[in-house]
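Naming: A, B, ... by sequence-line order, numbering from 1 per chain. Hydrogens, waters and symmetry mates play no part in the numbers below; they use all other heavy atoms, side chains included. Just so it is clear, the structure is predicted and the values come from calculations on it, not from any experiment.
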Amino acid sequence: MEKQNDVDKIVSLAKRRGFVFQSSEIYGGLNGCWDYGPLGVELLKNIKEEWWKSMTYREDVEGVDASILMHPKVWEASGHVANFTDPMIDCKQCKARFRLDVLGDSINQKKKDKAVIETKTEFKANAQVLERIENKLSNPGDEDPFNLLLEDAEISKVLLSKLNCPQCGNPNTFTDARKFNLMFKTFIGPVEDNSAVVYLRPETAQGIFVNFLNVQGSARQKLPFGIAQIGKAFRNEINTKNFLFRTREFEQMEMQFFVKPADDKKWYDYWKAERLEWFKSLGMTPSKLRYHDHPQNKLAHYAKEATDIEYEFPFGWGEIEGIHNRTDFDLSQHEKFSGKSLKYFDEESKEKFVPYIIETSAGASRSFMAFLTDAYYEEEVKGEIRSVLKFHPRLAPLKAAILPLVNKDGMPEISREIEKTLRKNFKVFYDDKGAIGRRYRRMDEAGTPYSITVDTQTLEDRTVTVRERDSMEQVRVSIDQLTNYLSDKLLNS
RNA sequence: GCGGGCGUAACUCAGUUGGCAGAGUGUCAGCUUCCCAAGCUGAAUGUCGCGGGUUCGAGCCCCGUCGCCCGCUCCA
């Protein structure tokens, strides 16, 4: 109950203040799609900009911006075509769902053997199918032969009817296997046939891998070095969930760091520490951040070592960034599928090899939600509730508000002058509507760190008050020092 | 994909047995106002998520559908 309220509160605030709107709202919305409003787009842009600066304003990382549509073979090489199409079955009785390729793991051997025998009996008039069954049973490789049988549509249909649901134990309750293709498919050109199929990228990383030598050569980089990219990616998830957390369209901030294989551990540890520090440096509550190291037996097909940086959302801990040792898997696969060498020649050792890759992959949309959630506070001030978004000043959508204390005596004119000057460098907001206290509170709720107020003293000595959002304390600053004052706060906080 | 909850103004929500569409907050205009959602006056804003049905009459009952939240499942 409380959890739900927390998420709802954020969703409601996000809409009311123009951070996030539901996509296509006037048409009833589109499942799991969201639009960023005026304040949201600024916050998102600032998050991406901070990431970009911290990741690429250094001599060993270059940037790219690759096309979302890529050659379809990229996704065969990456493993996504195979791994993104897990056939699934449901139990009609208890509604449990299983991945067909691992169903065998949850059924004991005796029952499996029995089901296979019954299946063979059913096919006894069909020599062709019987041969396929025997063939799979006798040449299982390192697979469970039972799972191999399930992969064959014709055999699996009968085999499934001989099995009991591992969840509820009822016999013959499985639906037919259905494929869930998690990549969005579309077509290049006007003809929608198979030769024109392309995919919306399910991760930005591949755009970096295929450009490895282009970037290395043109930027005259040597190992170790990285390539960074920010961009949208798409996964046709079965379910969307938790506001911006699980969506089908999302934005990634990825950096792939190319290293000598022997140095992989060193750089994995380096980036693991570096990336957690980034979130903390932008004010995220340290106690709400943690690592989740992946155990060896749960690693993805390409990874040697992996950890998630998790944030404690109102709904629980959730991954906002993954750090992986991808080994030489990706580049080797692209060598294989493209026929082009992606080896690096090391001048010192005179060796030619495929580099290892340490990946840092952060979700921009997820980081947005984490920063937004983390910044939200409700405080009691003189018996009233003050809602305030305590964004780090560099992330705040608006940097300062300019407020004439009253709308007379030349205060609006001076305020407009200040606004004009500050606008050259900062996203600022001019507000002369309503009482000053109300205007401060409005800015609190938008997360604006500084409010500049023009009062009677301004008319005498050209100074204004600057009110700090979190402490609500004020200092007097000379008008001609305002740009310096704000610059200093933004750079050094 | 399954189950549960919800959907009424920008936001939070009320809406009685099926009988005129409401409140608070916010927004806007004016007055007032020299520092923290103050006060006064006035104003605008509704396909009651959408589509059907029942009924003399539906925000309310029924069916379908879409969306959000929760749980399961999924999340290489």
- Look at atom NZ of K390(A) and say whether more than 12 heavy atoms of other residues, nucleotides or ligands are closer to it than 6.0 Å. yes
- Task: In whole angstrom, give the distance that lies between atom CG of L244(A) and atom P of C68(B).
- Result: 12 Å
- Query: Are any of R438(A)'s side-chain N or O atoms less than 4.0 Å away from OP1 or OP2 of U25(B)?
  - Reply: no
- Message: If I take atom CD in residue E445(A) and atom P in nucleotide U12(B), what distance separates them, rounded to the nearest angstrom?
- Response: 12 Å
- Rounded C1' spacing from G18(B) to U55(B) in Å: 9 Å
- Any N or O donor-acceptor pair linking the side chain of Y440(A) to the base of C35(B) at under 3.5 Å? yes
- Using Watson-Crick pairs (N1 to N3, plus N6-O4 or O6-N4) and G-U wobble pairs, both distances under 3.5 Å, which stems of at least 3 pairs involve RNA chain B? B:1-7 with B:66-72, B:10-13 with B:22-25, B:27-31 with B:39-43, B:49-53 with B:61-65
- Message: Taking the C1' atom in each of A10(B) and G53(B), what is the distance between them to the nearest angstrom?
- Response: 33 Å
- If you pin S12(A) and Q22(A) to their nearest nucleotides in RNA chain B, which one's is more 5'? S12(A)
- Indicate the ring-plane relationship of W267(A) and F257(A), choosing parallel, tilted or perpendicular according to the 30° and 60° boundaries. tilted
- Message: Please pick, from A38(B), U27(B), C35(B), the nucleotide with the shortest atom-to-atom distance to any side-chain atom of T453(A).
- Response: C35(B)
- Message: Whether E378(A) and K9(A) form a salt bridge (side-chain N of Lys/Arg under 4.0 Å from carboxylate O of Asp/Glu) is what I want to check.
- Response: yes
- Note on the structure: In this structure, CE of M253(A) is separated from CD1 of I320(A) (nearest 0.5 Å) by 9.0 Å
- Task: For nucleotides U8(B) and C13(B), find the distance between their C1' atoms and express it as a whole number of Å.
- Result: 9 Å
- Considering only the P atoms, how many Å lie between G67(B) and G49(B), rounded to the nearest integer? 16 Å
- Integer angstrom distance from the C1' of A58(B) to that of C48(B): 11 Å
- Message: Assess whether a salt bridge exists between E305(A) and R326(A), defined as any Lys/Arg side-chain N lying under 4.0 Å from an Asp/Glu carboxylate O.
- Response: no
- Message: Looking only at the aromatic ring of each residue, does the gap between the centers of F243(A) and F315(A) stay below 6.0 angstrom?
- Response: no
- Item | Residue of the set H324(A), H292(A), H294(A) for which side chain to side chain donor-acceptor pair (under 3.5 Å) holds with D308(A) | H294(A)
- Message: Could you tell me how far C20(B) sits from G59(B) if I compare only their C1' atoms? Round to whole Å.
- Response: 13 Å
- Y291(A) backbone acceptor or donor facing T307(A) side chain under 3.5 Å: no
- Has N31(A) got a side-chain N or O lying under 4.0 Å from the OP1 or OP2 atom of C68(B)? yes
- Using atom C1' of each nucleotide, how far apart are U41(B) and C36(B) to the nearest Å? 24 Å
- Do the side-chain N and O atoms of E251(A) and S365(A) include a donor-acceptor pair separated by under 3.5 angstrom? no
- Separation of the P atoms in C61(B) and G7(B), to the nearest angstrom: 11 Å
- Once you round it to whole Å, what is the distance between C1' of G26(B) and CZ of R17(A)? 10 Å
- Query: Please give, in whole Å, the distance from C28(B) P to N407(A) CG?
  - Reply: 13 Å
- Indicate whether any N or O donor in one side chain lies under 3.5 Å from an N or O acceptor in the other, for S332(A) and E335(A). no
- Kindly indicate whether the side chain of D8(A) and the base of C69(B) share any N or O donor-acceptor pair separated by less than 3.5 Å? no
- Message: Just the rounded figure in Å: distance from P of G1(B) to CD of E237(A).
- Response: 14 Å
- Task: Tell me which nucleotide among C36(B), C28(B), C35(B) gets nearest to the side chain of R441(A).
- Result: C36(B)
- Before giving the answer on side-chain hydrogen bond (donor to acceptor under 3.5 Å, both in side chains), spell out for E359(A) and Q256(A) the whole-Å C-alpha distance, their side-chain angles and the decisive distance to 0.1 Å. CA-CA 5 Å; E359(A) 168 187 83; Q256(A) 310 290 335; 3.0 Å; yes
- Quick one, which residues of residues 459-481 of chain A touch RNA chain B with a heavy atom under 4.0 Å? T465(A), R467(A), M472(A), Q474(A)
- Please state how far atom NZ in K241(A) lies from atom C1' in G1(B), giving the value in whole angstrom units. 14 Å
- Message: Any side-chain N or O of R246(A) below 4.0 angstrom from OP1/OP2 of C74(B)?
- Response: no
- Nearest nucleotide by nearest heavy atom, which residue falls closer to the 5' end of RNA chain B, Q457(A) or F243(A)? Q457(A)
- Item | Whole-Å distance separating the CZ atom of R366(A) from the C1' atom of C75(B) | 8 Å
- Task: Specify the separation, in whole Å, of atom CG of D431(A) and atom C1' of A37(B).
- Result: 13 Å
